[in-house]
Amino acid sequence: MTRKIADCRDYPSDSNCTLTISGEEDEVVRAATEHAVSVHEHTDSPELREQVRALLKDEKAAV
């Protein structure tokens, strides 16, 4: 299974957040949503989770 990545550096924020989360897709969606709510003051909702899922990238394999 391909691991997924959510990287805050890809999106401008007031806090200049640099957090990167990687793992299996459902894990990353859950963790990235929790981070978006607790750090970036988003509201947890099914819509936010779908937005997070849509923005995930595949993790490149380490060489």
Side-chain angles (χ1 to χ4, degrees):
M1 175 175 276
T2 302
R3 290 168 49 98
K4 297 291 186 175
I5 294 176
D7 190 341
C8 278
R9 295 172 299 179
D10 291 340
Y11 310 97
S13 70
D14 292 339
S15 63
N16 294 316
C17 186
T18 63
L19 182 69
T20 300
I21 302 168
S22 67
E24 291 185 8
E25 185 170 328
D26 288 342
E27 294 173 321
V28 176
V29 169
R30 183 174 52 251
T33 299
E34 291 172 4
H35 172 74
V37 169
S38 66
V39 174
H40 299 291
E41 301 179 359
H42 290 278
T43 301
D44 191 352
S45 67
E47 293 81 13
L48 176 61
R49 291 173 183 268
E50 285 309 308
Q51 289 173 353
V52 168
R53 189 177 303 278
L55 296 172
L56 296 181
K57 297 178 182 177
D58 289 344
E59 182 178 60
K60 293 183 175 114
V63 177

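Values reported hereafter were calculated over all heavy atoms of this structure, with side chains retained and with hydrogens, waters and symmetry mates removed.
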Atom pair CD/OG of Q51 and S45 - distance to nearest 0.5 Å: 7.0 Å
Test salt bridge (charged side-chain N to carboxylate O under 4.0 Å, His left out) applied to R53 - qualifying residues, sequence neighbours left out: E25, D26, E50
Heavy-atom pair of closest approach, residues V28 and A6: CG1-CB, 3.8 Å
Euclidean distance, H40 NE2 relative to C17 SG, rounded to 0.5 Å: 4.0 Å
Shared hydrophobic cluster for I5 and L19 (ILVMFWY, side-chain gaps under 4.5 Å): no
Within 6.0 angstrom of D14 CG, more than 12 heavy atoms from elsewhere: no
Side chains of T43 and L48 in contact at under 4.5 Å (non-hydrogen atoms): no
ILVMFWY network linking L55 to I21, side-chain heavy atoms under 4.5 angstrom: no
E59: salt bridge (charged side-chain N to carboxylate O under 4.0 Å, His left out) partners, not counting sequence neighbours: R3
Side chain to side chain, R49 and D44, heavy atoms closer than 4.5 Å: yes
